[in-house]
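See below for the structure under consideration.
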2 protein chains.
Amino acid sequence: MKEVPNKCDCKECDVREMFYEHVEEQHIEFVCVTKIEKVFKKGDVIIEAGKPIENFIYLKSGLVKLYKHDENGKGQIIMIAKPFDFVNLLSVFSDTNYNYSVTALEDSVTCNLDLDHIKNMIRTNGEFALSIMKKISKVSDTIILESLTVRKKNIHGRVAYILLFFADNIYEDKYFELPLNRREIAEFIGKTTENVIRTLSEFRKDGIIKIFGKFIEIIDKEKLQQISDFG
Amino acid sequence: MKEVPNKCDCKECDVREMFYEHVEEQHIEFVCVTKIEKVFKKGDVIIEAGKPIENFIYLKSGLVKLYKHDENGKGQIIMIAKPFDFVNLLSVFSDTNYNYSVTALEDSVTCNLDLDHIKNMIRTNGEFALSIMKKISKVSDTIILESLTVRKKNIHGRVAYILLFFADNIYEDKYFELPLNRREIAEFIGKTTENVIRTLSEFRKDGIIKIFGKFIEIIDKEKLQQISDFG
DNA sequence: GTCATTGTATGATAAATATCATAATTTTAA
DNA sequence: TTAAAATTATGATATTTATCATACAATGAC
């Protein structure tokens, strides 16, 4: 990870649209000056569980995973965050230390804002408070409701779901490179690595997808959708 | 359900402590006057999925379940809310309609505040905004992290977990009446009704619990905790 | 009270998934 | 470049869980 010289280009930053609408110029200026951009290589740890929460972090580019490790070292992926998602959504206003970790799945850039300053902005600017609440509420909701959706599915349904998630939500392409290895997919959907691999092989044998190592091409998207919906 | 004459006793209400600390007297007065208390009998529907979100609701007394019904009519319980929990936490600031339902598990009283007014309070009072955010953030966190905890467990672990949840979190007693029937327990932990029943029977045969219909007595709590932790 | 319905209970069996074993392939590190 | 480690892959088997069947108890409607 390395810090990038502050270019103070907040006005062009996409995140601005999301919640800076209601913030006065002088505050944006301050955020702009105090913000820190950090560049991470694929595989770098962005947040380590247990560390104190001191920043408000959003993802400017790249892709990251939020996950927990249990005592036995087995991981569980909570969500995948893409650009302009908040990376430290959970706990940021309700806890002092992280209870999950974040790692870069692709080369990523985060924008780190001082949490105390954000809190002050919330205190002094109600519209800002409301819009940030809306955003946070939305992401938590999504995590909760999608975990219920996935919970109902068998392994075929879950693997199909995850493939469509990457194709539709992340890459918007039928052909993409999986940012997770098979073990991580298993940690995401709550099944074993072997069965994830087996299921992918079956999809391949059935002509639903093509597999080139980490690259996936979805051949029969309709079928995959059916498996996801009814599996 | 019936509405209760407004007694304007907000000053004594426990919820006040939680987040009214920062609200000026005149606002509390207004909330007090405009709030509506509703009384529900066990089994009454408090919130129906699909209906518009118009109130900010918290539970004054009783016990409720938040749940979703899928297309096939199968239910999934998201969480159990106890007094002074927000009942419509999810989505309240990020959506216009409920995407889950709420039903009373015991006779319950809710306090309903006008959502627009709450939003105005957030706009005009930053401290209030921050404390309500903290509360909301906390509950979402808990749901997400506990669902990960449960996901790891086998059926023995999950049933043990749920029994301890009621004993420790809800009733604070080794002897309690289950507020859920066996099917609902299954919907909570994501397993089938038969296997929940079977597991309870096994716990009974092993002398870990006693079962008197809906009443449960935990005999060997240490053992139950072990099963929950390692199962 | 009686009957229908729902809930609890248990067994037998089927299906899904995990575990264990092994090997080929790919990636990483020396 | 080569050896070691990790990842992908597949088969065999064990375990877990779901499904189906049946019975009895409890509850509610009439």
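In what follows, chains are A, B, ... by sequence order, proteins preceding strands, each numbered from 1.
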Of all the heavy-atom pairs spanning [X] and [Y], show the shortest one and how long it is.
{"X": "A:Ala160", "Y": "A:Phe203", "answer": "N-CE1, 3.8 Å"}
{"X": "A:Tyr100", "Y": "A:Ser91", "answer": "CE2-OG, 4.0 Å"}
{"X": "B:Leu105", "Y": "B:Lys42", "answer": "O-CG, 3.2 Å"}

Mind checking side chain to side chain donor-acceptor pair (under 3.5 Å) for A:Glu106 and listing every partner two or more places apart, or none if nothing turns up?
A:Tyr171
Rounded distance (nearest 0.5 Å) linking atom CD1 of B:Ile132 with atom OG of B:Ser137:
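Between atom CD1 of B:Ile132 and atom OG of B:Ser137 there are 12.5 Å.
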Decide if atom NZ of A:Lys82 counts as having more than 12 heavy atoms of other residues, nucleotides or ligands within a radius under 6.0 Å.
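Above 12, so yes.
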Return yes when atom NZ of A:Lys210 has more than 12 non-hydrogen atoms of other residues, nucleotides or ligands closer than 6.0 Å, and no otherwise.
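12 or below, so no.
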Side chains of B:Tyr58 and B:Asp85: donor-acceptor distance under 3.5 Å anywhere?
no
Measure the distance from [atom1] on [X] to [atom2] on [N] and round it to the nearest whole Å.
{"X": "A:Arg182", "N": "C:dT27", "atom1": "CZ", "atom2": "C1'", "answer": "14 Å"}
{"X": "A:Arg183", "N": "C:dA18", "atom1": "CZ", "atom2": "C1'", "answer": "17 Å"}
{"X": "A:Ile189", "N": "C:dA18", "atom1": "CD1", "atom2": "P", "answer": "9 Å"}
{"X": "B:Ile155", "N": "C:dA16", "atom1": "CD1", "atom2": "P", "answer": "18 Å"}

What pairs of residues pass the ring-ring contact (aromatic ring centres under 6.0 Å, His included) test when at least one of them lies in residues 212-231 of chain A, not counting sequence neighbours?
A:Tyr175-A:Phe215
Please report the end-to-end axis angle for the helix from C:dG1-D:dC30 to C:dA30-D:dT1, five pairs per end, rounded to 10 degrees.
60°
Of the residues in residues 194-213 of chain B, which ones touch DNA chain D at a heavy-atom distance under 4.0 Å?
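Of all residues in residues 194-213 of chain B, the ones placing a heavy atom under 4.0 Å from DNA chain D are B:Glu194, B:Asn195, B:Arg198.
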Please output the side-chain donor-acceptor pairs of residues 50-57 of chain B that fall under 3.5 Å, not counting sequence neighbours, one pair per line with the distance.
| residue | atom | partner | partner atom | Å |
| --- | --- | --- | --- | --- |
| B:Lys51 | NZ | B:Glu48 | OE1 | 3.3 |

For B:Asn181 and for A:Lys191, locate the closest nucleotide of DNA chain C by heavy-atom distance; then report the residue assigned to the nucleotide nearer the 5' terminus.
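Residue closer to the 5' terminus by nearest nucleotide: B:Asn181.
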SB check A:Asp229 A:Lys153 (cutoff 4.0 Å):
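No, this pair does not count.
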Going 5' to 3' on DNA chain D, which nucleotide is the first and which the last to come under 4.0 Å of a heavy atom in chain A?
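So the contact region on DNA chain D extends D:dT7 to D:dA12.
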